[in-house]
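Because the structure is predicted, anything quoted here is derived from the model rather than measured.
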Amino acid sequence: MVTITNFIRSTILLGLLSLQMASAEVLVIVNKTNPINNISSSDLKNLYLGKTREFSNGKSAVIYNLNYKGKAREQFEKGALGKSKSALKRYWSKLIFTGKGKPPKELSSEQEMVERVSSEAGAIGYVNANSVNDSVKVIYRIR
């Protein structure tokens, strides 16, 4: 009887941990010197869909994406852009084919994202909340 109770408790705990990990917060980050303190969802979407390459203050933006190794990109695309991986692939394929756009450069890790954003004045990217440190500034949250 004790082992069944322990099994049930363990199963419930694992389920709760899975839920917490699945709903981890993704943060949009910029260089600390960037005067932007927050960004609207429409401005963020316009940057990541290549409709603009400037922040709302007119300063140039260097836009970075994570690769698909982790869940952060998928959560970012669904939460901030409202698009699935396949929808975005079609979107960018069309823009590339017509010569009207180029997707953001992909970085291989969240650590690389934080390092790149902290070292480039106009950089913008996103990472899981547990990857953020004081070398960057958070301007948007995706849950």
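Taking CG of L81 as the start and NZ of K78 as the end, the distance is 12.5 Å to the nearest 0.5 Å. For the atom pair I63 CD1 and L47 CG, the distance stands at 4.5 Å (nearest 0.5 Å). Atom-to-atom distance recorded for I142:CD1 and S41:OG is 10.0 Å, nearest 0.5 angstrom.
Residues meeting the side-chain contact (heavy atoms from CB on, under 4.5 Å) test with T98, sequence neighbours left out: K100. Partners of Y68 under the side chain to side chain donor-acceptor pair (under 3.5 Å) rule, at least two apart in sequence or in another chain, are R73, E77. Residues that satisfy the side chain to side chain donor-acceptor pair (under 3.5 Å) test with R141, not counting sequence neighbours, are E25. The side-chain contact (heavy atoms from CB on, under 4.5 Å) check on K71 picks up E74, with sequence neighbours excluded. Under the side chain to side chain donor-acceptor pair (under 3.5 Å) criterion, N130 pairs with no residue at all, not counting sequence neighbours. By the side-chain contact (heavy atoms from CB on, under 4.5 Å) test, S84 pairs with S86, A87, sequence neighbours left out. By the side chain to side chain donor-acceptor pair (under 3.5 Å) test, S135 pairs with N133, sequence neighbours left out.
Within the structure, no pair that satisfies the salt bridge (Lys or Arg N to Asp or Glu O under 4.0 Å) test touches residues 37-65, not counting sequence neighbours. Sorted by first and then second residue, the ring-ring contact (aromatic ring centres under 6.0 Å, His included) pairs with a member in residues 83-118 form an empty list; sequence neighbours excluded.
When all heavy atoms are compared, the tightest approach of L27 to A129 is CD1-CA, 3.7 Å.
Between the K137 side chain and the I36 main chain, a donor and an acceptor come within less than 3.5 Å of each other.
Checked options L44, N38, V136; the residue passing with V28 is L44 (criterion: side-chain contact (heavy atoms from CB on, under 4.5 Å)).
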Please report, to 0.1 Å, the donor-acceptor pairs under 3.5 Å made by any side chain of residues 113-128, with sequence neighbours excluded.
{"unit_1": "E115", "atom_1": "OE2", "unit_2": "Q111", "atom_2": "NE2", "d": "3.0"}
{"unit_1": "R116", "atom_1": "NH1", "unit_2": "Y64", "atom_2": "OH", "d": "3.4"}
{"unit_1": "R116", "atom_1": "NH2", "unit_2": "E112", "atom_2": "OE2", "d": "3.3"}
{"unit_1": "S118", "atom_1": "OG", "unit_2": "V114", "atom_2": "O", "d": "3.1"}
{"unit_1": "S118", "atom_1": "OG", "unit_2": "E115", "atom_2": "O", "d": "3.0"}
{"unit_1": "S119", "atom_1": "OG", "unit_2": "E115", "atom_2": "O", "d": "3.1"}
{"unit_1": "S119", "atom_1": "OG", "unit_2": "R116", "atom_2": "O", "d": "3.1"}
{"unit_1": "E120", "atom_1": "OE1", "unit_2": "Y64", "atom_2": "OH", "d": "3.1"}
{"unit_1": "E120", "atom_1": "OE2", "unit_2": "Y64", "atom_2": "OH", "d": "2.6"}
{"unit_1": "Y126", "atom_1": "OH", "unit_2": "N65", "atom_2": "OD1", "d": "2.7"}
{"unit_1": "Y126", "atom_1": "OH", "unit_2": "L66", "atom_2": "N", "d": "3.1"}
{"unit_1": "N128", "atom_1": "ND2", "unit_2": "E110", "atom_2": "OE2", "d": "2.8"}

